[in-house]
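To start, the structure under review is shown below, and the notes come after it.
Just so you know, ligand 1 is whichever comes first in the structure, and atom 1 is the first atom listed for that ligand.
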Amino acid sequence: MKPYLLLFSAAMLLIASCAPKSVQEEPESDDQKAVRMEWFSQAKLGIFIHWGIYSRGDWSESWAFHNGVVSMEDYFAQENDFTASDYNPAEWVQLIKESGARYTVITSKHHDGFALWDTKAGDVSAVKSSAAGRDVLTPFVDEVRRQGGLKLGLYYSLIDWPREDYPNVFRAGPARYDIHQEPERWQHFLDFNTAQLKEINEGYKPDLIWFDGDWEFKAEEWDSPGIVAMLRESNPDVIINSRINGYGDYATPELGVPVVRPKDRWWETCMTINNSWGFRKRDTRFKSPDTIIRMLVDCMSLGGNLLLDIGPRADGTIPEEEVQILKELGRWISKHEEAVYSTRAGITPGHVQAYTTLNKEGDILYLYFPYTPNESIEVKGLKSRVKNVRVVGTDRQLRWRLYNDIDWSETPGVYYIQVPADVLDPRMTVLALELETPATLYEGSGQVISFNE
Ligand code: GLC
């Protein structure tokens with residue numbers, strides 16, 4: 001090779017090795033994603049926390065001024081009552097763990113722009129503009145990490161209605177500006193969001209980021225894929241919910257358990273404990289522990305999680321009704337632990353009048369009864385044979401009868417399992433049907449038997 005050619009090649013090599021590494025990474029395979037999502041799919045219950053200046057309890061979180069229920073001035077005057085004077089993050093975390101939840105998601109910033117941490121990107125925060133005068137997020141994060149056993153999620157609103165560089169402020173009323181007419185102003189806002197997201201993502205390394213408010217703009221306007229890539233760059237295993245125009249990892253239906261199993265492999269229903277996200281003085285319509293346990297089991301039976309919300313007061317105390325509900329949930333979950341965390345979606349409805357799940361191997365079918373059975377319960381269309389029936393959380397085994405189990409019929413026999421009153425759980429009884437082989441089902445509409453013995 002000619003010397004100048006050699007020199008040229010060496011120079012090219014040097015340039016190539018100094019060039020920044022390509023950001024174009026291999027796309028994540030389904031198996032890799034399943035590994036990343038593993039803790040989420042086993043968690044089943046998460047506790048959502050809405051806490052901000054709205055926690056004084058007079059008006060709804062952010063929406064109150066956006067919908068014109070209260071002036072912006074009155075809304076922000078609530079900053080003076082956000083004292084966090086009785087805030088005890090160790091107790092919060094203890095209670096969340098006691099509820100049986102395996103993750104928690106806290107509003108680091110809602111649509112009103114009030115940040116719970118000491119953001120350097122803006123002036124609206126617990127530190128700079130509230131009576132608390134201090135960072136209230138970091139102590140919570142520290143406790144979650146210190147006590148262990150809980151994954152940390154941070155809710156972050158893409159929307160920030162009060163900011164001058166954010167286009168929309170009131171629902172009824174013109175936008176401040178058009179982002180396509182004033183792209184620089186919009187970019188200024190996006191840079192602000194990016195700066196805040198970097199602070200929380202790099203500062204706290206959350207296990208999950210829970211976006212909200214994507215509906216006001218399109219993916220290309222927010223640069224949703226860019227935001228997701230930026231988060232993953234420094235926090236590669238972070239799980240991201242879907243409210244980033246669908247660029248996240250899992251679906252988030254809200255305030256209603258799906259009726260059919262969602263198409264998305266991973267999902268979570270978020271649910272209020274009464275009728276409000278943040279604390280409201282007048283909202284005493286708390287759901288009963290029975291209702292919440294049903295919602296949880298309903299989600300589990302359809303392969304999803306329940307993210308149950310609590311709303312601490314502005315002083316940091318958690319309403320007693322909420323404490324009691326979480327404790328009762330914890331009692332039920334700890335008794336039935338075997339039938340909670342390691343389960344997956346159950347069988348198609350119709351085989352039994354109960355919610356169902358399966359263990360990982362598919363050879364234990366769990367049945368959850370939110371009612372008192374009369375004498376016995378029926379299970380039909382189950383081809384795998386039952387070898388044992390246990391009452392979960394007790395040492396009791398139950399007797400059953402198998403009717404019309406005819407070996408020349410393709411319709412399997414029908415099981416009647418006797419459930420005596422003294423094995424019932426006051427909230428929801430769970431049975432484990434141990435099967436000889438992983439569950440297989442008959443799902444037909446019956447047949448004529450053309451041969452009899
Ligand atoms: C909604 C609301 C909000 C609430 C959230 C929780 O999208 O905008 O106020 O925080 O749902 O899921």
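- Proximity to H110 (heavy-atom distance under 4.0 Å) selects the following atoms of ligand 1: 3 (C), 4 (C), 9 (O), 10 (O).
- Proximity to R243 (heavy-atom distance under 4.0 Å) selects the following atoms of ligand 1: 7 (O), 11 (O), 12 (O).
- On a distance-only criterion, W215 and ligand 1 share no N/O pair closer than 3.5 Å.
- No side-chain donor-acceptor contact under 3.5 Å links Y177 and E164.
- The aromatic ring centroids of H50 and F279 lie 6.0 Å or more from each other.
- The residue D309 has no part lying near ligand 1, judged by heavy-atom distances below 4.0 Å.
- Between atom 8 (O) of ligand 1 and the options M271, H111, H50, the minimum heavy-atom separation is to H111.
- Among the candidates L152, V144, L307, I96, the single residue satisfying the side-chain contact (heavy atoms from CB on, under 4.5 Å) test with Y103 is L307.
- Scanning the protein heavy atoms around atom 5 (C) of ligand 1, the nearest turns out to be D212 OD2, 3.2 Å.
- Among all non-hydrogen protein atoms, the one lying nearest atom 11 (O) of ligand 1 is E254 OE2, 2.9 Å.
- Regarding atom 9 (O) of ligand 1, its nearest protein heavy-atom neighbour is E61 OE2, 2.8 Å.
- No side-chain heavy atom of E378 sits less than 4.5 Å from a side-chain heavy atom of Q353.
- For ligand 1 and F48, the ligand atoms under 4.0 Å from any heavy atom of the residue are 6 (C), 12 (O).
- Not close to ligand 1: Y54, with no non-hydrogen atom less than 4.0 angstrom away.
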Inset, instruction - Report the C-alpha separation of E98 and R331 in whole Å, then their side-chain angles, then the decisive distance to 0.1 Å, and conclude whether the salt bridge (charged side-chain N to carboxylate O under 4.0 Å, His left out) test is met. - result: CA-CA 8 Å; E98 196 182 333; R331 183 205 68 80; over 6 Å; no

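- With ligand atoms numbered from 1 in the order given, ligand 1 contributes 12 (O) to contacts under 4.0 Å with heavy atoms of C270.
- Two rings, from F76 and F114, have their centers 6.0 Å or more apart.
- Close approach of ligand 1 to W210 (heavy-atom distance below 4.0 Å) involves ligand atoms 12 (O).
- Closest protein heavy atom to atom 2 (C) of ligand 1: W63 NE1, 3.5 Å.
- Side chains of T284 and N274: no donor on one and acceptor on the other come within 3.5 Å.
- Under 3.5 Å, the side chains of Y250 and E268 contain a donor-acceptor pair of N or O atoms.
- Applying the side-chain contact (heavy atoms from CB on, under 4.5 Å) test between R396 and each of V419, L431, V391 identifies V391 as the sole match.
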